[in-house]
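Everything below concerns the one structure shown next.
One-based numbering, in listed order, for ligands and for the atoms of each. The first residue in the sequence is number 1, and the count goes up from there. In this text the structure is predicted, and so the values were computed from the model without any measurement.
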Amino acid sequence: MKQATIHIDRNFKLADVDERIYGSFIEHLGRAVYGGIYQPGSPLSDEQGFRSDVLALIREAKVPLVRYPGGNFVSGYHWEDGVGPKEQRPRKLDLAWSVIESNQFGLNEFMDWCKKAGTSPMMAVNLGTRGAEDAKNLIEYCNIEKGSYYSDLRRSHGAADPYGIKLWCLGNEMDGPWQMGHKTAEEYGRLAEETGRIMRMVDPEIELVACGSSSLSMPTFGSWEETVLEHCYDEADYLSLHTYYGNPEDKTPDFLASSVAMDDFIRSVVSICDCVKAKKRSRKQINLSFDEWNVWYHSNEDDKKLERWIQAPHQLEDVYNQEDALLVGSMLITLLRHADRVKIACLAQLVNVIAPIMTSDTGAWRQTIFYPYMYASVYGRGAVLQTVVDVPSYESVYGDAPFLDAVVLTDEEKETLTVFAVNKDLEESMTVSCDLRQYADYRILEHIELAEPDLKAVNTQLCPDNVCPKKSDESRIEDGRLTAVLKPKSWNVIRLGK
Ligand code: AHR
């Protein structure tokens, strides 16, 4: 059995957790909106057409933030098409995903839905086919109380109070050649700076996210971040990162090592932000918004066969298995281990489209990845302790990968400690120990594990609980030391308190 030691010190806090790192994402894509969160006429929907069963699962996961309306979709979107009387809303071609967009769900529906889901919006503006003028109009529609054309237009659409949306993305993946209106770093940096400045003239209290690279593998990675920030350093508060991993060749150890690549990605972007800060002699720090991250590959082949110009097809409907849940758990640990700089993150996406929640016309169920996401969001609050992990590692395509990913959080008010841990060893259990003498009167509240031995096991509507967390009695505290046994290929949360 492998041995690992976790070292913490009560006085060594890395950072308070910004709850927005447990954000998610709803794009007009596939069945995320239509048939996902919105299905008027369904017996499972409320009077506004919102799926109540889906809302319940989103509240269960305490999703604090939802990015909307895209994604690639936003780069061709006219937000005006989605407001006002539904019978007058145009059906349009969505060139991002080659489908028809009916516009029956738009900004006002999304804001009503956010209230019911207990979440807050992260709104993206179209900097692909549009620009500063439309972003200005949109923020006027959303955030000005009354007395101007767009604020009164909102009121005429039944929303008397301004929405006060405070978090905005300046476009989406503008470095990507697949993006409508994609740009060079120079072009985008200038546009982001101009647009941000004009949006702030309407509402000075907003926070802005500038687009970083679409992934670490983009040929322009690095120089894109530097050039963009050189232009919009004063306007941007956050720089975005996106990443998706997959296991198409069934190389599980490499797949599980993807969190090493994510860690490198974060470190690199932090360095570039701080390099530009130094060059500008600025006192302002740019933080990170990891606003798209997940596993995405299972649906790629099916998506190539889709008919064009249909509505809400089954698109990007990855069915997740145990090993995907392990990696999602590791990615969440990686985000937490960078809580000093990563302040926002969005699991992409939330419903049906590469999502923790799936629906059919007759129900909704939790995919495997729902569990690490939900438990992190519910229990991963408070402050992250600097967590040093002493464990053997293995060779992977990303370099040395530790067999154990772990992070410890403390909530001094609630007097709790929470350990998230993934044992990546496919064969052996692992004994993990941690000196807890500084928490002398803490005991184990629970140890929950996701330890399904079949890495390819999935949940379906017929077998929704095939892969689900179980209580473990493999943790104990003796002589001020926590000792826990983690099963092979398992995700774990160990909660301690008084
Ligand atoms: O989340 C799916 C897509 O992935 C998004 O639309 C885009 O931003 C990214 O490439």
Side-chain angles (χ1 to χ4, degrees), residues 23-34 36-37 63 65-77 79 93-99 101 110 122-129 168-183 188 192 209-221 224 228 238-246 258 262 265 288-304 306 312-320 324 327-328 331 344-358 367 369 373:
S24 190
F25 180 23
I26 289 285
E27 176 167 1
H28 282 252
L29 162 54
R31 299 188 306 124
V33 172
Y34 306 106
I37 61 172
V63 179
L65 182 78
V66 176
R67 183 168 175 249
Y68 175 85
N72 297 339
F73 171 79
V74 79
S75 297
Y77 186 47
W79 63 269
L93 294 185
D94 164 22
L95 303 184
W97 299 105
S98 305
V99 294
E101 171 55 52
F110 178 66
M122 178 186 196
M123 197 64 70
V125 301
N126 173 356
L127 292 190
T129 61
W168 294 81
C169 302
L170 293 165
N172 176 70
E173 295 189 348
M174 298 306 307
D175 60 330
W178 59 87
Q179 201 72 213
M180 278 175 269
H182 84 96
K183 303 197 166 22
Y188 172 69
V209 183
C211 292
S213 296
S214 303
S215 76
L216 186 56
S217 59
M218 294 301 289
T220 48
F221 172 72
W224 171 273
V228 165
Y238 307 93
L239 190 65
S240 75
L241 297 83
H242 291 181
T243 204
Y244 297 97
Y245 299 113
S258 305
M262 187 187 202
F265 190 12
L288 309 194
S289 172
F290 216 126
D291 45 44
E292 287 188 35
W293 67 271
N294 203 348
V295 172
W296 173 13
Y297 77 103
H298 297 283
S299 57
N300 291 352
E301 289 309 310
D302 284 348
D303 288 344
K304 288 182 192 152
L306 280 174
H314 289 255
Q315 215 165 4
L316 277 65
E317 296 203 1
D318 278 39
V319 177
Y320 291 115
D324 299 328
L327 182 61
V328 163
M331 291 171 91
I344 299 165
C346 302
L347 174 66
Q349 300 193 8
L350 187 54
V351 183
N352 288 332
V353 171
I354 42 173
I357 298 169
M358 294 301 288
Q367 294 231 56
I369 63 168
Y373 174 58

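- Annotation for ligand 1: atoms under 4.0 Å from non-hydrogen atoms of Tyr244 are 1 (O), 2 (C), 4 (O).
- Residue contacts with ligand 1: Glu173 is placed with a nitrogen or oxygen under 3.5 Å of a nitrogen or oxygen of the ligand (distance criterion only).
- When the heavy-atom distances from atom 8 (O) of ligand 1 to Arg67, Glu292, Gln179 are ranked, the shortest goes to Glu292.
- The shortest heavy-atom contact between Lys183 and Trp224 is O-CZ3, 3.3 Å.
- Using a non-hydrogen distance threshold of 4.0 Å, Phe73 does not register as a contact of ligand 1.
- A distance below 6.0 Å separates the ring centres of His28 and Tyr68.
- Looking at heavy atoms from C-beta onward, Gln367 lies in side-chain contact with Val319 at the 4.5 angstrom threshold.
- For the side-chain contact (heavy atoms from CB on, under 4.5 Å) with Asn294, the lone residue among Leu327, Val328, Asp318 that qualifies is Val328.
- Nearest protein neighbour of atom 2 (C) of ligand 1, counting heavy atoms only, is Gln349 NE2, 3.5 Å.
- Numbered from 1 in the order shown, with element, the atoms of ligand 1 that lie under 4.0 Å from a heavy atom of Glu27 read 5 (C), 6 (O).
- Residue contacts with ligand 1 for Trp97 involve side-chain atoms from C-beta outward but no N, CA, C or O (heavy atoms, distance under 4.0 Å).
- Nearest approach of Cys211 to Met174, heavy atoms of both residues: SG-CG, 3.9 Å.
- Of the protein's non-hydrogen atoms, Asn72 OD1, 3.2 Å is the one closest to atom 7 (C) of ligand 1.
- With hydrogens and angles ignored, the 3.5 Å screen pairs no side-chain donor or acceptor of Tyr320 with any backbone N or O of Trp296.
- Considering backbone and side-chain N/O of Trp178, none are found under 3.5 Å from N/O of ligand 1.
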Stepwise ring pair (Phe, Tyr, Trp, His ring centres under 6.0 Å) test for Tyr297 and Tyr245: CA-CA 7 Å; Tyr297 77 103; Tyr245 299 113; over 10 Å; no
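- Within ligand 1, counting atoms from 1 as listed, the ones closer than 4.0 Å to a heavy atom of Gly71 are 5 (C), 6 (O), 8 (O).
- Remark: Glu173 engages no residue in a salt bridge (Lys or Arg N to Asp or Glu O under 4.0 Å) (not counting sequence neighbours).
- Contact annotation for Val353 and ligand 1: no heavy atom of the residue comes within less than 4.0 Å of the ligand.
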